[in-house]
Student: 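Before we start, here is the structure in question, set down as structure tokens.
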Amino acid sequence: MATEQTGINADREVVISLNEVSVRAHKELYSFEDRRYIMCGGDLLASILSAAEKGVDRLHIATNWENLLRVALWSSGKPPLFDVISLLKKSGAAEAELQPFRKSEISDLLPSLYYGGKFDILRRVCYAARTKAEAKANRKGLHIYCHLVSDENRRIIASSL
């Protein structure tokens, strides 16, 4: 009797997440089986590269704001505010919208974008993360989808889909 393999080596579509909040938010929309969810243990960038090497075809990344920015800017540490503001400008944010945040924490930017209804900018940041992750993984046929999960309402609030 053959046993079913589970985990990243057996599945062609998996979800990488850093915490249970992101898993639940993704599962609420996509209803994947539990075995398709992989906790990355803190090093999201390495987990992305590992999944690509193991032959996953579709990789979902469900994560919070700071970690989404880490992927979009491919930064293992906390992304510098200057780089985040540059990314937001490229994503359609106006200079006037960003000016009050020039000396803030990057976490202060999300509520302003979210409650300001700037979902197009949030989607573009998700798309930038997707593009960067696919480029770094450098594997033909790999499709990456990035989902921004709000720590506040515990739901996916933007996606690269």
Student: Ignoring hydrogens and angles, state whether a donor on the side chain of Asn19 or Ser22 is under 3.5 Å from an acceptor on the partner side chain.
Tutor: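 Note: Asn19 and Ser22 side chains meet the donor-acceptor criterion.
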Student: Output yes when a side-chain donor or acceptor of Glu28 lies under 3.5 Å from a complementary backbone atom of Arg155, and no otherwise.
Tutor: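 The answer is no, because no donor-acceptor pair under 3.5 Å joins these two groups.
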Student: Quick one: closest heavy-atom pair of Glu33 and Arg35, and the distance?
Tutor: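 In this case the closest contact between Glu33 and Arg35 is OE1-NE, 2.7 Å.
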Student: Applying the side chain to side chain contact (heavy atoms under 4.5 Å, CB included) test to Leu110, which of Leu69, Asp151, Leu148, Val125 qualifies?
Tutor: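 The option that passes is Leu148.
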Student: Assess the residue pair Lys89 and Glu95 against the criterion (salt bridge (Lys or Arg N to Asp or Glu O under 4.0 Å)); give the C-alpha distance rounded to whole Å, side-chain angles, the decisive distance to 0.1 Å, and a yes or no.
Tutor: CA-CA 7 Å; Lys89 279 185 187 176; Glu95 179 67 38; 2.8 Å; yes
Student: Any heavy-atom pair between the side chains of Glu13 and Phe32 that's under 4.5 Å?
Tutor: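 Yes, their side chains come closer than 4.5 Å.
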Student: Side chains of Val15 and Val23: does their closest heavy-atom pair fall under 4.5 Å?
Tutor: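 No, every pair of side-chain atoms sits at 4.5 Å or beyond.
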Student: So His26 and His147, would you call those rings parallel, tilted or perpendicular, with 30° and 60° as cut-offs?
Tutor: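 Ring orientation of His26 relative to His147: perpendicular.
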Student: Checking Val71 against Lys136 for the side-chain contact (heavy atoms from CB on, under 4.5 Å) test, could you report, in this order, the C-alpha distance in whole Å, the side-chain angles of both residues, the deciding distance, and whether it holds?
Tutor: CA-CA 10 Å; Val71 175; Lys136 291 294 183 176; over 6 Å; no
Student: Between Arg70 (side chain only) and Gly77 (backbone N and O only), is there a donor and an acceptor less than 3.5 Å apart?
Tutor: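 Flag set: sc Arg70 to bb Gly77 pair under 3.5 Å.
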Student: Do the side chains of Asn64 and Val21 get nearer than 4.5 Å, heavy atoms only?
Tutor: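 No, every pair of side-chain atoms sits at 4.5 Å or beyond.
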Student: I'd like to know if the side chain of Arg130 and the backbone of Tyr145 have a donor-acceptor N/O pair within less than 3.5 Å.
Tutor: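 Not confirmed, Arg130 side chain does not pair with Tyr145 backbone.
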Student: Determine whether more than 12 heavy atoms belonging to other residues, nucleotides or ligands lie under 6.0 Å from atom NZ of Lys90.
Tutor: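 Atom NZ in Lys90 is not crowded, with 12 or fewer foreign heavy atoms closer than 6.0 Å.
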Student: Quick one: does Trp65's side chain have a donor or acceptor within less than 3.5 Å of a partner on Ile106's backbone?
Tutor: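 Side chain of Trp65 to backbone of Ile106, a donor-acceptor pair under 3.5 Å: yes, one is there.
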Student: Please work out which of the three classes, parallel, tilted or perpendicular, describes the rings of Tyr114 and Phe119, given edges at 30° and 60°.
Tutor: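 The arrangement is perpendicular - the two ring planes meet at more than 60°.
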Student: Taking the side chain from Ser50 and the backbone from Ala46, do they hold a donor-acceptor pair closer than 3.5 Å?
Tutor: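 No; judged by distance alone, with no hydrogens or angles, the pair does not exist.
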Student: Evaluate the side-chain proximity of Glu105 to Lys78: yes if any heavy-atom separation is below 4.5 Å, no if none is.
Tutor: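 Lys78 reaches Glu105 side chain to side chain.
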Student: Does atom CZ of Phe101 have more than 12 heavy-atom neighbours from other groups under 6.0 Å away?
Tutor: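 Yes, enclosed.
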